[in-house]
Amino acid sequence: MEDDAAGKEAPRAPVGTHDVLWPESSRWEQLVSSFARSAGRAGYGLVVTPLIEEVRLFRRGIGEASEVVGKEMYELVDRGGRQLALRPEGTAPVARAFVQHRPAVPWKAWYATPAFRYERPQAGRYRQHHQLGVEALGSPDPDLDVEVVSLASDFCKELGLQEIDLRLNSMGCLSCRPGYVIVLAAHLHDRRDRLCGAHRDRAELNPLRVLDCKTPECRAVSLDAPALSEYLCDECREHALRVRQGLEALGIPYAMDRLLVRGFDYYTRTTFELRSRALEAAQDAVGGGGRYDGLVEAIGGPPTPAVGFGIGIERVLLACDAEGCFGVSPPVPHAFVVDLAGGGHARDLTAELRRAGLRSQRAFDGKSMRSQLRSADRSGAIAAVIVGEREAAEGTVSIRMLDGSGTQEEIRRAALVGRLRELVARASGDGSAPGA
RNA sequence: GCGGCCGUAGCUCAGGUGGUUAGAGCGUCUGGUUGUGGCCCAGAAGGUCGGGGGUUCAAGUCCCCUCGGUCGCCCCA
């Protein structure tokens, strides 16, 4: 559509993107701060990396053959001719930052960031979605895998999610996986006529992907395929065992899933996924991650073992909705100032209350008292602070409780902050005075 | 990239087989109370029925195209 035709239409958020307005946004706020606390307790520090990266970072890191890199990246050329991409995921940029700055290992970082993929949106899948994640670089210790998995699992539990399945698998390493892939490819080749249409021709290209296919045809073939676990080298076998022992020691329930093959090339050894049984939608994975011992080297850094995970904010909130947990009631104002004497009092009093640490609001545009009180009521404020002509003349304010009791008192204006703190503490029932 | 379903007020939706000024609930605003919210009552504002074309005396309603939304496939958080 041309600009002048489209110009009559109001602009809207691009396909697959969404605005998050209050009060839904306050859930986001709390989700992120809750995640920050969890990660912070475990010694992970916030890392903020650019939304744009050189395209080759993702090509080399995630893998040229992956869907995400091949078809779904938002790529752009800037005015200087640089080939850039909006990040399709969170791990590669963190690995890039590690290579660039070489912090002391183990380097443990968490992030909250949007990620972009050009795909058709559907329930739980967007072109811009948001992830919370952690990455721990510099140690091959299986206990680090356990730490990362438990962080993800405990976080879901903290939100109140009950219906989460933790699925676990090992992808082997660069020394043992290729051998398995050959065996798998042979298995699939012999049964290629039984695969689903999409994979019949592509099985040779990336045999592991077939294991992930959910069609009944592919599943049948996959289920009697040789298991990767049977082909692991001694080191990978030992690593997987120690991870399982660690999870059991921490009482974290999990299920081995030998068909769990994640979509990025960089995964080695541990891979895991958190799925919600409560989600009806096709997109039931709320988070996933694993070990990626080869990634840092692949993007030009020193050989560096690492492990991490990402959780999709939108999906985890969908899961919370489905389970009816993690409801958040946004903070209500402590006081709503009603000004019948010109508006200057509302201006001054809201500022004074806010400086004292109290949440205060007011109406604008010189509305009637009825209208201002209605707004006060709808704001959920604990009390209305009323300044009419009389209060203005006498240097007082009237405080009307909005709890339905109709109680109202008139006090000296200088006593307002102190009195409001008392009333708010009483109304909150916890004896704590805000802003004190 | 492909397929199903759906676009009527700010929101959620009614509007048999085409028929005069397109409706409701909620929300918003005003009033019933010369300075008192919620409940109630009265009233108002708000729509080129997504857009374009076609059929017809007549289209929100039927047909085509297009845009958008949504769900699914692929893939992923």
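Neither OP1 nor OP2 of B:rU36 sits under 4.0 Å from any side-chain N or O of A:Ser398. In this structure, A:Arg378 reaches the B:rU28 phosphate: one of its side-chain N or O atoms is under 4.0 Å from OP1 or OP2. Taking only side-chain nitrogens and oxygens, A:Gln372 never comes nearer than 4.0 Å to OP1 or OP2 of B:rG37.
Ranking B:rU33, B:rC71, B:rU70 by closeness to the A:Arg370 side chain, first place goes to B:rU33. Side-chain proximity of A:Arg12 to the nucleotides B:rG35, B:rG69, B:rG38 is greatest for B:rG69. In the set B:rA77, B:rU36, B:rG31, the nucleotide with an atom closest to the side chain of A:Gln131 is B:rA77. Side-chain atoms of A:Tyr126 lie closest to B:rA77 of the nucleotides B:rG72, B:rA77, B:rG35. With distances taken from any side-chain atom of A:Leu340 to the nucleotides B:rG35, B:rC73, B:rC71, the minimum falls on B:rG35. Here the side chain of A:Val15 is nearest to one of B:rG69, B:rG37, B:rC73, namely B:rG69. Distance from the side chain of A:Ala285 is smallest to B:rA77 among B:rU30, B:rG37, B:rA77. In the set B:rU70, B:rG31, B:rC29, B:rG31 carries the atom at the smallest distance from any side-chain atom of A:Ser368.
Only the C1' atoms considered, B:rC11 is 27 Å distant from B:rG16, to the nearest whole Å. Taking atom C1' in both B:rC75 and B:rG50, one finds a spacing of 31 Å when rounded to whole Å. Only the P atoms considered, B:rG51 is 15 Å distant from B:rG68, to the nearest whole Å. Rounded to whole Å, the C1' atom of B:rG52 lies 15 Å from the corresponding atom of B:rA59. Using P as the reference atom, B:rU12 and B:rG7 are 13 Å apart when rounded to the nearest Å. With P as the reference atom, B:rU48 and B:rA58 are 23 Å apart, rounded to whole Å. Nucleotides B:rC49 and B:rG15, compared at atom C1', are 10 Å apart to the nearest Å. B:rG19 and B:rG38 have their P atoms separated by 42 Å, given to the nearest Å.
For the pair A:Arg127 and A:Tyr118, the cation-pi criterion (under 6.0 Å, within 45° of the ring axis) is fulfilled. Under the 6.0 Å distance and 45° angle rule, A:Arg362 counts as a cation-pi partner of A:Phe364.
Residue-to-nucleotide contacts include a donor-acceptor pair under 3.5 Å from the side chain of A:Asp377 to the base of B:rG37. Under 3.5 Å, the side chain of A:Arg374 and the base of B:rG38 form no donor-acceptor pair of N or O atoms. The base of B:rA77 sits within donor-acceptor range of the side chain of A:Glu119, with an N or O pair under 3.5 Å. Side-chain atoms of A:Glu391 and base atoms of B:rG35 include a donor and an acceptor less than 3.5 Å apart. Between the side chain of A:Arg400 and the base of B:rU36, a donor-acceptor pair under 3.5 Å is found.
The distance between atom CD of A:Glu72 and atom P of B:rC75, rounded to the nearest whole Å, is 10 Å. Protein atom CD of A:Glu409 is 15 Å distant from nucleotide atom C1' of B:rU36, rounded to whole Å.
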Apply side-chain hydrogen bond (donor to acceptor under 3.5 Å, both in side chains) to A:Glu391 and A:Ser398, showing your working.
CA-CA 7 Å; A:Glu391 287 91 344; A:Ser398 292; 2.6 Å; yes
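Electrostatic pairing of A:Arg400 and A:Asp377 does not count as a salt bridge here, judged by no charged N lying under 4.0 Å from a carboxylate O. Taking 4.0 Å as the cut-off between side-chain N and carboxylate O, A:Glu147 and A:Lys108 count as a salt-bridged pair. Salt-bridge formation is detected for the pair A:Arg275/A:Asp257: a Lys NZ or Arg NE/NH1/NH2 atom is positioned less than 4.0 Å from an Asp or Glu carboxylate oxygen. Under 4.0 Å is where a charged nitrogen must lie from a carboxylate oxygen, and between A:Glu273 and A:Arg315 no such pair does.
Note on A:Gln283: a base of the nucleic acid sits closer than 4.0 angstrom, heavy atoms only. Using a 4.0 Å heavy-atom criterion, one finds that A:Gly406 contacts the bases of the nucleic acid, with or without backbone contacts as well. A:Ile386 comes within 4.0 angstrom of a nucleotide base, judged by non-hydrogen atoms across all strands. Counting any heavy atom pair closer than 4.0 Å across all strands shown, A:Gly124 reaches a base atom. At the heavy-atom level, A:Ser375 lies nowhere under 4.0 Å from the strands shown. Looking at heavy-atom distances under 4.0 Å, A:Asp339 makes no contact with the nucleic acid at all.
Figure legend. B:rG60 is base-paired to no nucleotide; pairs are counted as Watson-Crick or G-U wobble with both atom distances under 3.5 Å. Nucleotide B:rC11 forms a Watson-Crick or G-U wobble pair with B:rG25, both donor-acceptor distances falling under 3.5 Å.
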